[in-house]
2 protein chains.
Amino acid sequence: MDVDTRLLRYFAVVAEEGNLTRAAQRLFVSQPALTKQVKQLENLLGVRLFTRSRAGMALTEPGRTLAERVPALLTDWDRVLRDTKGAASRAARVLRVGFLASAANEATPEIIAAFARRRPGWRVEMRQATWSNPSAGLSDSDVDAALLRLPFPGQENWHVEVLLTEPRWVALPSAHPLAARDRIEFRELWDEPFVAAAPETGWWRDYWLATDEREGTRPRIGAVTDTPDDWLSAIANGYGIALAPESAARFYARPGVTYRPVDGVTPTQVGVAWADDTNPVVRDFVKCCLGCGASGALHAEGHQA
Amino acid sequence: MDVDTRLLRYFAVVAEEGNLTRAAQRLFVSQPALTKQVKQLENLLGVRLFTRSRAGMALTEPGRTLAERVPALLTDWDRVLRDTKGAASRAARVLRVGFLASAANEATPEIIAAFARRRPGWRVEMRQATWSNPSAGLSDSDVDAALLRLPFPGQENWHVEVLLTEPRWVALPSAHPLAARDRIEFRELWDEPFVAAAPETGWWRDYWLATDEREGTRPRIGAVTDTPDDWLSAIANGYGIALAPESAARFYARPGVTYRPVDGVTPTQVGVAWADDTNPVVRDFVKCCLGCGASGALHAEGHQA
DNA sequence: TGCGTCTATAACCTGGCGGCATGGATGTGG
DNA sequence: CCACATCCATGCCGCCAGGTTATAGACGCA
């Protein structure tokens with residue numbers, strides 16, 4: 001009897017949530033689709049897994065049995081997936097490193113060089129990820145390690161080391177009145193339209209909208225972008241403003257976009273994350289990040305700030 | 001990253017077989033369909049799993065990694081499936097027993113009665129299976145135990161106890177010339193058209209065509225049926241003849257169909273099979289089968305034979 | 001009585017799976 | 001040397017299953 005792991009994921013979330021509507025939101029599918037999928041799983045097994053009521057979905061006895069064991073199945077599968085993809089890159093002597101645009105910085109070339117010295121014969125393959133993939137391929141085991149902005153969704157599932165911390169600034173259209181100012185209070189930006197990440201990124205989106213630091217004020221969304229290019233264009237074209245790491249001022253300078261320091265938002269960090277702590281090659285890479293990354297990045301920053 | 005277990009099953013068979021064409025036959029799908037599925041799995045993982053050549057499909061290094069671990073994943077899933085369905089029947093105090101039509105006999109009611117005495121409060125739910133499901137639901141964990149004709153495909157995967165042995169006879173249209181005879185040599189039937197089970201039943205079909213006892217002569221197929229009713233009709237209408245257990249002469253007597261003893265074919269057995277040997281209720285049922293089943297069945301047989 | 005909060009149903013669109021027929025590459029035997 | 005057998009790949013088509021939006025139905029609450 002065959003099942004798609006998607007069905008099992010869906011089931012697990014509904015079981016945990018006890019509520020179709022909320023589960024559907026978490027899974028980024030419509031509620032009717034979830035209804036159908038749950039029903040299909042029940043038909044497939046020939047077992048009623050939930051008792052429905054207007055209060056929500058409550059597990060039946062066999063439903064509980066299933067719910068207890070599905071998570072292990074799914075993590076087993078993830079593990080096999082990782083090993084398989086890992087075997088491919090190991091065979092090719094390639095270390096796959098994902099990164100979010102904003103997480104690569106002056107230190108990155110140095111890290112790669114250091115790794116090359118430490119592991120001759122190996123090649124680093126850098127893969128840039130879009131915002132809609134906030135773990136930069138880690139969650140699909142598409143990469144062995146990732147350079148990321150912290151915090152990121154699912155951070156607790158991986159090994160993470162912080163590489164550097166820097167303040168968040170704001171990127172605005174150069175014509176914007178506030179662009180003339182030297183420093184800006186975040187409170188002054190509450191009513192501005194923001195250029196945001198896709199909704200599927202969950203609280204990652206919220207983090208860069210700083211929803212926690214708005215005292216309840218709802219952010220206005222002026223545009224949704226998925227890559228640095230789109231993002232810069234959207235800002236330059238006046239669709240909105242956006243928070244960005246200080247280093248973006250150097251890496252993503254563009255006519256029409258001005259970066260300014262902001263007071264009143266927490267700083268952001270760059271970190272390296274990886275899944276398999278038993279892989280010596282990955283550990284070497286992490287060491288390179290920590291070694292030259294920390295000093296190198298700080299050095300560069302001190303230089304240019 | 002979601003996968004259907006079907007993909008994994010397909011992959012496992014191709015990996016084991018090393019040959020798409022043969023794997024497709026084993027899986028009862030067309031070879032192009034398999035090609036596509038294997039390719040899809042490779043695309044999904046972003047990993048080349050096989051190296052193709054005219055010699056067949058050879059696993060790559062990552063392919064080997066995957067092939068080593070997929071069987072365990074699949075059996076884990078089967079296990080969870082069994083536990084979930086089992087939880088449902090346990091909660092309802094129902095013992096689900098599958099049976100192939102020809103495996104139920106005079107002893108069956110007695111077995112059920114004995115079980116009812118041993119487990120008051122429990123109910124036995126008898127589920128008749130079609131020929132296309134030779135394990136009578138055991139393979140999908142749809143039943144806790146099954147009364148089957150031995151041997152059956154996948155027999156080695158389950159616990160099995162033999163309940164009785166009986167010769168195979170032949171069922172023929174009453175108008176058939178051989179119906180006038182008292183005994184028939186199997187060799188005389190080699191050229192007759194047979195009423196057979198569906199091809200998907202693999203060697204189960206062959207067993208009832210007695211292909212092993214034809215010294216290479218290809219059986220002729222006159223009709224394919226899935227249930228006793230169809231089967232009887234097909235024979236009565238002269239589409240073909242068929243081997244059948246001796247007891248069928250009593251249980252499936254019908255005008256137009258005559259049963260005759262056959263020499264030169266191995267006898268057949270009825271057995272009880274079950275998956276979960278740790279389930280005390282199932283063990284009780286098996287005991288009932290062995291206790292009253294053996295004596296009862298033999299008794300009844302002696303009576304009527 | 002009307003509203004908010006659940007889940008279920010209906011109608012529709014699309015993509016993927018499976019089947020058949022066929023192509024292309026490559027050894028093998030008459 | 002050519003016809004054939006044996007592999008895997010491709011093209012085309014029918015069908016089903018998944019997703020979406022809109023809406024219905026059940027029920028508690030103000």
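In what follows, every chain begins at residue 1, and chains take the letters A, B, ... in the order their sequences are listed.
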Sugar-phosphate, base or nothing in reach of A:Ala33, heavy atoms under 4.0 Å: base

Quick check on D:dG18: is either OP1 or OP2 less than 4.0 Å from any side-chain nitrogen or oxygen of A:Gln40? yes

From D:dG18, C:dA8, D:dA9, pick the nucleotide closest to the side chain of B:Lys39? D:dA9

Distance alone, cut at 3.5 Å: any donor-acceptor contact between the side chains of B:Thr35 and B:Gln31? yes

Should A:Ser53 be listed as having a side-chain N or O under 4.0 Å from OP1 or OP2 of D:dA26? no

B:Phe50 ring center near B:Phe11 ring center (under 6.0 Å): yes

Has the side chain of B:Lys36 got a donor or acceptor atom sitting under 3.5 Å from an opposite partner on the base of C:dG16? no

Collect all protein-nucleotide pairs involving nucleotides 22-27 of chain C in which both atoms are nitrogen or oxygen and the distance is under 3.5 Å.
from: C:dT26; atom 1: O3'; to: B:Arg54; atom 2: NE; distance (Å): 2.7
from: C:dG27; atom 1: OP1; to: B:Arg54; atom 2: NE; distance (Å): 3.3
from: C:dG27; atom 1: OP1; to: B:Arg54; atom 2: NH2; distance (Å): 2.7
from: C:dG27; atom 1: O5'; to: B:Arg54; atom 2: NE; distance (Å): 2.9
from: C:dG27; atom 1: O5'; to: B:Arg54; atom 2: NH2; distance (Å): 3.0

Could you check whether A:Ser30 gets within reach of a base, just the sugar-phosphate, or nothing at all, counting any heavy atom under 4.0 Å? base

Hey, is B:Arg220 close enough to B:Asp191 for a salt bridge, meaning N to O under 4.0 Å? no

Does anything in residues 4-12 of chain B reach DNA chain C, meaning a heavy atom under 4.0 Å, and if so which residues? B:Arg6, B:Tyr10

B:Arg52 side chain near D:dC7 phosphate (N/O to OP1/OP2, under 4.0 Å): no

Choosing from C:dT7, D:dG18, D:dC7, which nucleotide comes nearest the side chain of B:Asn19? D:dC7

Six-ring centre of A:Phe194, A:Arg214 cation under 6.0 angstrom, axis tolerance 45°: yes

Salt-bridged, A:Lys39 to A:Glu42, with N to O below 4.0 Å? no

Looking only at side chains, do B:Ser132 and B:Asp226 share a donor and an acceptor under 3.5 Å apart? yes

Between A:Arg26 and A:Glu16, does any NZ, NE, NH1 or NH2 come within less than 4.0 Å of an OD or OE carboxylate oxygen? yes

Taking atom types as modelled, is there a side-chain donor on A:Asp2 or B:Thr5 under 3.5 Å from an acceptor on the other? yes

